Each structure stands twice: as C-alpha cells, then as structure tokens.
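Since the model is a prediction, treat every value here as computed from it, not as a measurement. For this chain, numbers begin at 1 and follow the sequence in order.
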Amino acid sequence: MNGKLIGNPVDRVDGRLKVTGKATYSAENHPEGMVYAAIVQSTVPRGSVLRMHTDEAEKAPGVLKVLTPRNMPKPAGLAQYSAIPMLPKLPVMQDSEVFYNGQPIGLVVADTFERAVHAASLVRTTYVDKPAILDIEKARANAQPAPGIFGGPPPGHTRGDVEAGLKAGPVRVEATYVTPAETHHPMEPHATVVVWNDPEHLTLYDTTQGVHFSRQFLALLLAMPQENIRVLSPFLGGGFGCKGLPWGHVVMSVLAAKEVGRPVKVVLTRQQMSMMVGYRPTTVQKLELAASPKGQLTALRHTGISELSEQDSFAETFTAVSNMLYACPNVTTAQQVVRLSTSTPTFMRAPGEAPGTFALESAMDELAHQLKMDPLELRRLNHADKDPEHGRPWSSKSLLECYRVGAERFGWKKRPLAPRSLREGDKLIGWGMATATFPAMRGQAAAVARVLPDGTAVVQCGGADLGTGAYTVFTQVAADALGMSHQKVRMEMGDSQLPLGPLAGGSMSTATASPAIQGAAASAREQLVKLAVADKASPLYGLAEKDVLTEDGRLFSRKDKSKGETYAQLLTRQQLPHVEGKGESAPKEEEKKYSGHAFGAHFVEVRVDEALGTVRVSRIVSTMAAGRILNAKTASSQISGGIIFGLGMALTEETLRDPRNGRVMTADLADYHVPVQADVPKIDVQFIEEEDKFVNPLGIKGIGEIATTGVAAAVANAVFHATGKRIRELPITLDKLL
Ligand code: MOS
C-alpha cells in the first residue's frame with residue numbers, strides 16, 4: 001500500500017448521490033404491485049387480547065388483509081429462533097399475550113398507505129388486564145443477575161479484595177447515579193419493503209446495519225436457506241444500534257406479503273420508533289471509590305441495575321468500563337436486571353460505556369473534589385499502564401497524550417479548583433472533563449475487487465454505511481491498494497449477495513472490513529503486474545514484479561517512469577473482462593494477546609443561568625486516540641456526532657413513560673429532545689494518531705461509539721464546577737438545578 005489516500009480528508013464519495021436524491025433508501029423502493037401495511041398496537045401495558053373487532057377494518061376501502069393473533073401465520077423457524085438466548089423475543093402475534101403498551105397486535109394491509117392507516121384505526125380491541133410492572137425502584141426487590149451478551153459471560157469482575165481496599169483508602173466516595181431510558185431516533189425511520197420473488201425466494205429492502213446478519217436471522221426465523229433471501233440496505237439515515245437486528249415489523253410484513261401475494265411496505269411512524277425497535281434501558285448505578293490521601297485508588301466497587309422487558313434477555317453493561325479504565329488493585333463489579341412491562345431494550349451507541357462512564361467519571365470528579373485535587377491530575381495518577389482487568393498489554397494507548405493535548409487546547413491549567421469560582425454576569429461558568437474509552441475489536445469479513453478494461457474498479461463488501469462515511473474510507477483503502485485514484489473506484493455495499501460484510505456496530509465496521517478490502521485490492525493489483533511482465537506486447541515485459549510500480553491506474557518501471565501502460569491498455573489488449581482479487585479479514589490469535597481499546601478525553605465549558613437553572617455548553621475540546629484515522633474529515637464529523645449524542649444524554653434526552661399505563665409519552669421529536677444546532681457549540685476535535693501493529697493489520701480502532709462515552713460526565717462535572725451542585729441523575733434539566 002503506498003498510503004497516498006489513507007488519512008486524506010477525501011469528500012464523501014456518496015455525497016453527490018445523496019444531495020441529488022439519487023441514493024435510494026429502503027422506503028423509496030416501489031416494486032410493481034406494492035401494497036402498504038399499518039401496525040395496530042396494544043393500548044394496555046400488560047395482559048392479553050380478549051377480542052379484536054376487525055369487521056369494520058376488513059370492510060374499509062382498499063383493505064386486503066387484517067392480521068391479528070388469531071390468523072397470523074407462524075414463522076416456520078420460530079422455535080429454533082426462540083431457543084437462542086439474547087435474541088429479542090419478537091412480538092409477531094403468535095399468541096394473545098401483551099407485555100407492554102404499544103406492542104404490535106395487528107397488521108392491516110391495504111392498497112394505499114392512508115387506507116391502511118385508516119383501517120388500522122378501525123380495529124377495536126378488548127383486553128384482560130394484568131397488573132403492570134412500571135416502576136423500577138418498586139420492582140427492584142425482584143432483581144435478577146444480569147445475563148451475558150450474546151451467550152457471553154454475565155457482566156461482572158473481581159480482582160483483589162474490595163472490602164480491604166475500601167478500608168485502606170481513607171478518602172471515599174459513595175454515590176448512586178441514574179441514567180434514564182433513551183431512544184435511538186435515527187433521522188430515517190425503520191422501513192421494510194418485502195418482495196416474494198416466488199414462494200421460495202425473498203427480497204427485502206430493509207433499514208439494517210448488517211445485511212448478512214439480517215439475512216441470517218431471517219433464514220433462521222423463516223426456516224429458509226440463506227441463499228434464498230436477499231437483503232438490501234445500500235443507504236441508511238443513521239442507526240445507533242436500533243437497526244442492528246430485525247424487529248417484529250420486518251417478520252410480520254414478510255408473512256403478510258406472502259398472505260396477500262403482493263410486495264408489502266411498512267414504515268414505522270416516529271411514535272412507533274419509541275415502542276418497537278429497542279431503546280437504551282434505565283440504569284441505577286452505585287459507585288464506591290476509596291483512595292489514599294494522595295489520590296491513589298485503593299478500591300472501586302460498581303454495582304447496579306438496568307431495566308429489562310418481561311420476556312427478553314439484555315443487560316446494559318455499564319460496569320465494563322470500571323473493570324479496565326483505572327489502575328486499582330481491588331475491584332468488584334456486578335449487575336442485575338429488573339423486569340418491567342416495557343418493550344425490549346437493546347444496544348444503543350456505546351451500550352454500557354455511555355451510562356457507565358457517566359457514573360464512573362462523575363465519581364472520579366467527586367473524589368478529586370474531596371481530595372482537593374485537580375480532576376485531570378487524579379486521572380493521570382491512576383492511569384492504567386496495562387489492561388488491569390486481563391493483565392494484558394494494551395495494543396497501543398495514548399490516553400496521557402489525549403489528556404495533555406486536550407488540556408492545553410482547552411486552557412485547563414487556568415481552572416480554579418473551587419466550584420463557583422468563575423462567573424460572567426448572571427452566568428456561572430464551569431469547566432469539567434472526563435475520560436472516553438471504547439473497545440477496539442474486529443470480526444469477519446470478505447471482499448472482492450475487480451479492475452475493469454475501462455480503467456475503473458468495482459470493490460464489493462456487504463457492509464453498511466450508516467451515513468458515517470464507510471463508502472468513502474473503504475474507497476480510499478481500496479484505491480490505495482489498487483494503485484488507482486479514488487474517483488475511478490466504485491464501492492458496493494449493503495447487499496447480502498456481496499461478500500460477507502461486517503455489522504456496522506460495536507465500532508467494528510471499518511476495522512473489520514478494511515483489511516479484507518485492502519487484501520482484495522492488493523491481490524488485483526498484483527495480478528495486473530504479473531500480467532504485464534509476462535506479456536510480450538507490454539512495455540514492461542520481462543521486468544521483475546518488484547520493479548513495477550503503480551499509480552493512478554498505470555503500471556510503470558521503477559527505473560523509468562515513462563516506460564509503462566495503463567490498466568485499461570493492458571486489460572483491453574489481453575481481452576480480459578477484468579482481473580479479480582479476493583480478501584478476507586478475521587481476528588488473529590496474535591491480536592488476542594493485547595487489549596485493544598480506543599481512548600480519549602473531553603473538556604467541556606458550561607454556562608449556567610443561576611436564576612433559571614438552564615445549562616448551555618459553550619465550549620468542547622475532545623482529543624481522541626483511536627489508532628489510524630483513515631479520513632480526517634469524515635472521522636472528525638463522526639466524533640462530533642458522537643459528542644452531540646452525548647450532549648443529548650447529558651442535557652435533554654429521556655424516554656418517559658406514563659406512570660399509569662406505561663405508554664411512552666416522549667414518542668416524537670417534539671417531546672423527545674435531541675440536541676439541535678442551537679444546543680451545540682463549536683467542537684474542537686483533535687486526533688492523536690497512533691501506530692498500532694497489534695489491533696489489526698491496518699491499525700484501525702474504530703470511532704463509532706467512543707466519542708459518546710464520557711460526555712455526560714464531563715458536562716455534569718462542569719455543572720458541578722459552575723454551581724457546586726452535583727447532579728447524579730440524567731438528563732441535567734433545569735428543575736434539578738433550582
Ligand atoms: Mo451499535 S449500539 O454497536 O449500533
């Protein structure tokens with residue numbers, strides 16, 4: 001790889017398609033004969049459907065079918081699917097049980113969207129009510145040990161002796177932190193267009209973060225061979241985790257399409273996005289820290305609960321960060337779940353780490369205050385030089401450099417220690433900071449690269465671009481390894497017929513796909529060189545392969561740049577349709593000897609109106625060390641997005657349910673407050689570039705989630721510095737400050 005493009009701030013290769021409306025999103029597909037489905041939802045939080053009166057809906061104009069628990073077909077593989085722990089128990093109307101308010105209990109298919117929605121409104125339902133469990137504190141007595149994620153070990157860790165450590169450290173913090181339920185709310189709602197090509201073959205245009213994963217789960221659920229299912233998702237308007245696994249509406253529309261013998265489209269409403277596609281569960285976390293008078297941590301205990309639906313298996317792994325972030329000899333972490341009458345919670349951007357860092361990094365700030373110590377200094381003092389959880393070396397770690405550069409750019413050393421020291425008119429000013437961290441992993445992927453006789457290349461990998469720039473960085477990786485300009489390379493993604501792509505989740509997409517793409521492209525380039533030196537008609541005939549260089553789609557002699565030919569000339573003369581290279585990526589044993597983590601630091605300034613309690617974030621400096629950065633432009637935009645996600649968590653976002661009946665009350669963007677432009681100050685993002693030889697061949701750590709971690713704590717710490725009030729329950733709304 002000559003590395004010309006990697007690292008360059010190349011403009012988004014899909015930008016023009018998007019702004020001209022030529023990028024087709026799932027809901028924009030209109031296959032011949034398509035009809036529309038509308039979902040009927042329960043209006044009680046718990047119980048069972050007694051009767052559904054569907055006559056009126058069935059007689060309404062344009063209605064083709066009304067499906068309810070009484071006549072819903074059974075997905076042929078439901079039993080096998082349900083036997084796998086961790087997969088959401090999709091409410092696909094197989095019985096009359098109601099587990100939460102808003103659960104799908106009916107599906108109406110009609111010839112237009114409006115007629116489907118109207119007919120759905122005509123379905124009247126009576127229920128047998130059961131007492132709902134709606135209050136996490138009241139239900140706490142029934143807490144259960146938290147389950148592991150995807151069959152992995154349950155969250156929790158012990159090293160040393162935490163009781164002894166607590167006794168050994170005279171300076172203590174013991175506090176409880178609460179993070180509310182949050183909803184992902186990507187700009188683009190979930191949408192599915194189902195086409196049965198024939199009774200055995202299914203095509204799905206679906207909003208998914210992973211077409212191959214989606215296909216795998218659907219094959220299982222429908223008991224169909226994977227190769228008979230094609231899932232397409234070339235463009236996405238955000239995901240944040242809620243588009244990770246197929247939800248009930250996908251399965252129901254697949255079954256409905258078969259029933260009516262027509263393609264079916266379902267698009268969730270913004271309200272339904274709060275009730276059917278997962279959310280980040282409420283957490284109540286207890287932190288106990290003990291330190292020596294000089295600030296050395298002697299004990300850390302992090303325990304607590306997260307909420308869970310009645311029938312599912314998911315835990316928000318908020319303690320994970322306490323296992324690894326600081327060098328502390330005595331640590332115990334443990335988690336429980338509390339079952340409520342809610343929909344299924346799921347992964348939401350930085351699942352675990354986002355709420356976990358709020359608790360841990362707030363507690364560290366509280367400890368620094370007690371120690372009368374600079375909070376940044378406390379973190380430096382307790383820096384973990386190796387992974388304290390597993391005892392392994394870090395694959396690379398530049399956290400101290402993140403602290404140093406961030407502090408300098410922010411002007412941290414001018415920060416007075418005492419709260420309420422900075423003021424401007426009626427605004428109290430506060431400076432806070434927190435550490436950011438997220439695991440760097442990779443999964444499996446494959447890619448194909450083809451160079452064509454017209455001098456262009458097509459590179460394929462069935463991953464997803466959530467809107468973050470994956471098309472762009474993958475094109476850069478491919479173009480570099482092909483020896484071509486990126487304008488000549490077309491990246492194809494988001495189709496399960498392409499080589500196995502990664503799930504765009506777990507901050508793993510780029511790290512997973514890039515080595516496969518690079519391998520495929522490098523192999524195609526090598527084949528071109530081999531062809532040229534063996535071709536008597538080539539000006540490069542007879543040269544050693546190593547003496548042939550490539551650039552901008554041209555092969556030339558190392559000794560004499562003028563001697564050479566283009567890929568197009570070579571392929572045309574050889575009358576080849578293309579040369580094709582293949583590549584694969586999977587974690588290697590060697591990589592497992594190291595702990596891979598990205599690290600960073602956030603420095604935040606807030607202005608709090610003392611009379612009104614309003615908090616405005618006026619300045620953010622964030623430094624991120626996340627291995628090799630492939631594109632500084634898309635990367636810093638993604639980091640800014642993650643920080644804004646964190647600002648929402650800190651100040652505005654909260655999924656509220658009606659305490660009487662469990663219905664989500666903040667079910668649209670008027671009530672569920674995501675930050676808008678006016679809430680976001682200038683964000684100064686700085687990357688500390690790392691050479692990491694161990695995390696994966698390209699040294700990529702992933703930046704999808706890390707930026708969100710630590711932001712809420714940095715804001716809360718700044719609010720404390722401004723006001724002297726410690727807010728331990730998110731979001732930090734004005735009522736909590738008055
Ligand atoms: Mo993410 S929560 O890994 O899509």
Side-chain angles (χ1 to χ4, degrees), residues 85-88 136 143-159 176-182 184 240-242 244-245 278-287 300-309 312-326 331-340 342 344-363 387-390 434-441 443 503 505-508 595-599 642 645-646 649 702 704-713 730:
M86 265 312 295
L87 292 182
I136 190 168
Q144 305 162 346
I149 298 294
F150 283 127
H157 168 70
T158 293
R159 62 175 179 263
T176 297
Y177 303 89
V178 179
T179 64
E182 289 184 294
H184 308 71
F240 312 127
C242 65
L245 295 168
Y279 65 96
R280 193 199 301 280
T282 306
T283 74
V284 182
Q285 307 176 48
K286 187 171 172 197
L287 241 303
L300 187 170
R301 181 153 57 197
H302 191 172
T303 56
I305 53 174
S306 61
E307 75 188 335
L308 182 56
S309 53
D312 280 294
S313 176
F314 176 83
E316 180 81 22
T317 52
F318 52 78
T319 54
V321 70
S322 288
N323 300 341
M324 51 64 65
L325 192 50
Y326 294 110
V331 174
T332 291
T333 65
Q335 290 191 218
Q336 293 182 302
V337 289
V338 173
R339 293 190 181 278
L340 299 179
T342 70
T344 301
T346 192
F347 307 97
M348 176 164 160
R349 201 176 200 175
E353 276 78 2
T357 47
F358 170 63
L360 176 62
E361 289 296 277
S362 293
D387 174 357
E389 182 181 6
H390 301 108
T435 310
T437 186
F438 200 77
M441 301 173 289
L503 183 79
S507 299
M508 290 161 66
S595 280
H597 263 264
F599 292 93
F645 214 81
M649 180 177 186
E705 293 164 280
I706 178 171
T708 299
T709 71
V711 173
L730 296 179

Salt bridge (charged side-chain N to carboxylate O under 4.0 Å, His left out) between E389 and R159, intermediate numbers included:
CA-CA 8 Å; E389 182 181 6; R159 62 175 179 263; over 6 Å; no
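- Side-chain atoms of T708 do not come within 3.5 Å of backbone N or O of A354 as any donor-acceptor pair.
- Cation-pi check for R349 over F240 is not met; the charged atom does not lie both under 6.0 angstrom from the ring centroid and within 45 degrees of its normal.
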Is there a side-chain contact (heavy atoms from CB on, under 4.5 Å) between T342 and E307 once you walk through the steps?
CA-CA 9 Å; T342 70; E307 75 188 335; 4.3 Å; yes
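- Using a 4.5 Å heavy-atom cutoff, the side chains of L287 and L360 are in contact.
- Using a distance-only test at 3.5 Å, with no hydrogens or angles considered, a donor-acceptor pair links the side chain of E316 to the main chain of G352.
- The shortest heavy-atom contact between A707 and V711 is O-CG2, 3.1 Å.
- With sequence neighbours left out, the side chain to side chain contact (heavy atoms under 4.5 Å, CB included) criterion links R339 to Q144, L308.
- Of all heavy-atom pairs between P439 and E353, the closest is CD-OE2, 3.6 Å.
- No side-chain heavy atom of P145 sits less than 4.5 Å from a side-chain heavy atom of P154.
- In terms of the salt bridge (charged side-chain N to carboxylate O under 4.0 Å, His left out) criterion, residue partners of R301 (sequence neighbours excluded) are, by chain and number, E163, E288.
- Scored by the side chain to side chain contact (heavy atoms under 4.5 Å, CB included) test, S595 finds D387, H390, R392, W394 as partners (sequence neighbours excluded).
- Below 30°, between 30° and 60°, or above 60°: for F347 and F314 the angle between ring planes is above 60°, a perpendicular geometry.
- At least one donor-acceptor pair closer than 3.5 Å links the side chain of E705 to the backbone N or O of S507.
- Listed for the T346 side chain is no donor-acceptor partner under 3.5 Å among the backbone atoms of G278.
- Of all non-hydrogen atoms in I149 and A315, the two that sit nearest each other are CD1-O, 3.4 Å.
- Between the side chains of T283 and Y177, no donor-acceptor pair of N or O atoms lies under 3.5 Å.
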Give the intermediate values and the outcome of side-chain contact (heavy atoms from CB on, under 4.5 Å) for residues L325 and T435.
CA-CA 9 Å; L325 192 50; T435 310; 3.9 Å; yes
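- By the 4.5 Å heavy-atom criterion applied to side chains, I136 and L340 are counted as neighbours.
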Chi angles and distances behind the side-chain contact (heavy atoms from CB on, under 4.5 Å) call for E182, F645
CA-CA 11 Å; E182 289 184 294; F645 214 81; 5.9 Å; no
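- In this structure the side chain of T437 reaches within 4.5 angstrom of the side chain of M324, judged on heavy atoms.
- Contact record, V321 with G356: CG1-C, 3.8 Å, taken as the closest heavy-atom pair.
- Within the 4.5 Å cutoff, no side-chain heavy atoms of Q335 are placed close to those of I305.
- You'll find the side chain of Q336 stays beyond 4.5 Å of the side chain of S306, heavy atoms only.
- Counting all heavy atoms, side chain and backbone alike, Q285 lies closest to F318 at OE1-CD1, 3.4 Å.
- Scanning all heavy atoms of the two residues, the minimum distance from I706 to G702 falls at CG2-O, 4.4 Å.
- Proximity of V331 to Y326: side-chain heavy atoms (C-beta onward) are nowhere separated by under 4.5 Å.
- Taking the side chain as every heavy atom from C-beta outward, P88 and L245 approach each other to under 4.5 Å.
- With rounding to the nearest 0.5 angstrom, the CE atom of M649 is 5.5 Å from the CG atom of L730.
- Separating the CE atom in M508 from the CG atom in L503 is a distance of 8.0 Å, to the nearest 0.5 Å.
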